[in-house]
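Throughout, numbering of the chain's residues begins at 1 and tracks the sequence.
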Amino acid sequence: MRFPLLGLATLITLPAFAEPQITNLPTSQLDWQTTPEGVAFAALEGNRFESAYMAMVRLPAGLASPPHVKTANMFGIVVEGEMTHVAHVNPQTAPVLSAGAFYKIPKDLPHVSSCVSDVPCVAFLYQDGQFDFLPVGQP
């Protein structure tokens with residue numbers, strides 16, 4: 001018995017699928033982009049102005065943001081420095097977050113974020129939607 005299609009099958013090449021790759025990005029290779037306010041972002045995954053993203057963020061020592069909201073949830077892990085995130089204007093009552101600490105800022109929640117250490121604060125961020133920073137009156 002002959003199988004004529006078997007010969008044809010050997011001529012068809014299947015598309016090559018990329019093997020999954022591990023991404024290793026040493027800190028020396030982070031591409032920091034600094035805003036006019038002095039906050040720096042280094043993209044890790046995604047475009048923060050278009051969709052969900054992951055990035056490193058660096059705040060200057062002593063910086064406190066104005067009260068603002070975001071239209072997507074933000075999740076962070078402090079890597080360096082000490083930060084506070086409060087849903088009211090008295091940052092002295094907020095827990096101080098140091099390296100290894102986790103925080104979540106729910107979307108639409110007016111808040112103030114601060115770097116309360118003497119050194120710049122660095123955090124890993126994941127936001128489940130595009131980045132925005134919408135100033136609000138005092139929360």
Could you tabulate the donor-acceptor pairs under 3.5 Å formed by side-chain atoms of residues 123-131, not counting sequence neighbours?
from	atom 1	to	atom 2	distance (Å)
Q127	OE1	Y53	OH	2.7
D128	OD1	N73	N	2.8
D128	OD2	N73	ND2	3.0

Which atom pairs, one a donor and one an acceptor, fall under 3.5 Å between side chains of residues 75-83 and the rest of the protein, sequence neighbours left out?
none

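Grouped by direct or indirect side-chain proximity (heavy atoms under 4.5 Å, Ile/Leu/Val/Met/Phe/Trp/Tyr only), I22 sits alone.
Geometric assessment of R48 against the ring of F41 yields a positive cation-pi assignment under the 6.0 Å and 45° thresholds.
In terms of heavy-atom proximity, A43 sits nearest to A55 at CA-CB, 4.2 Å. Listed here is the closest heavy atom pair of C115 and P120: SG-C, 3.9 Å. Heavy-atom minimum distance, V69 versus L109: CG1-C, 3.6 Å.
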Quiz prompt | M56/V122 under side-chain contact (heavy atoms from CB on, under 4.5 Å): CA gap, chis, key distance, verdict | solution = CA-CA 7 Å; M56 300 300 289; V122 177; 3.7 Å; yes

As a quick check of understanding, evaluate side-chain contact (heavy atoms from CB on, under 4.5 Å) for D132 and K70, giving each step before the final call.
CA-CA 6 Å; D132 55 11; K70 298 181 178 303; 3.6 Å; yes

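Taking the side-chain contact (heavy atoms from CB on, under 4.5 Å) definition, one finds that E50 meets it with N47, sequence neighbours left out. F133 pairs by the ring pair (Phe, Tyr, Trp, His ring centres under 6.0 Å) definition with H68, not counting sequence neighbours. Applying the side-chain contact (heavy atoms from CB on, under 4.5 Å) test to P26 and every residue at least two apart in sequence or in another chain returns S28, Q29.
Remark: the backbone N or O of V39 is paired with a side-chain donor or acceptor of T35 at under 3.5 angstrom. Without hydrogens or angle criteria, S65 side chain to S113 main chain gives a donor-acceptor distance under 3.5 Å. One N or O on the side chain of S117 and one on the backbone of V119 form a donor-acceptor pair closer than 3.5 Å.
In the hydrophobic cluster analysis, where Ile, Leu, Val, Met, Phe, Trp and Tyr join through side-chain heavy atoms closer than 4.5 angstrom, Y103 is grouped together with L63. I105 and L134 fall into different hydrophobic clusters, where Ile, Leu, Val, Met, Phe, Trp and Tyr side chains are chained together by heavy-atom contacts under 4.5 Å. In the hydrophobic cluster analysis, where Ile, Leu, Val, Met, Phe, Trp and Tyr join through side-chain heavy atoms closer than 4.5 angstrom, V96 is grouped apart from L59. Cluster membership for F102 and V57, using ILVMFWY side-chain heavy atoms within less than 4.5 angstrom, is not shared.
Rounding to the nearest 0.5 angstrom, the gap separating the CG atom in L44 from the CG atom in L30 is 6.5 Å. Atom-to-atom distance recorded for C121:SG and L97:CG is 9.5 Å, nearest 0.5 angstrom.
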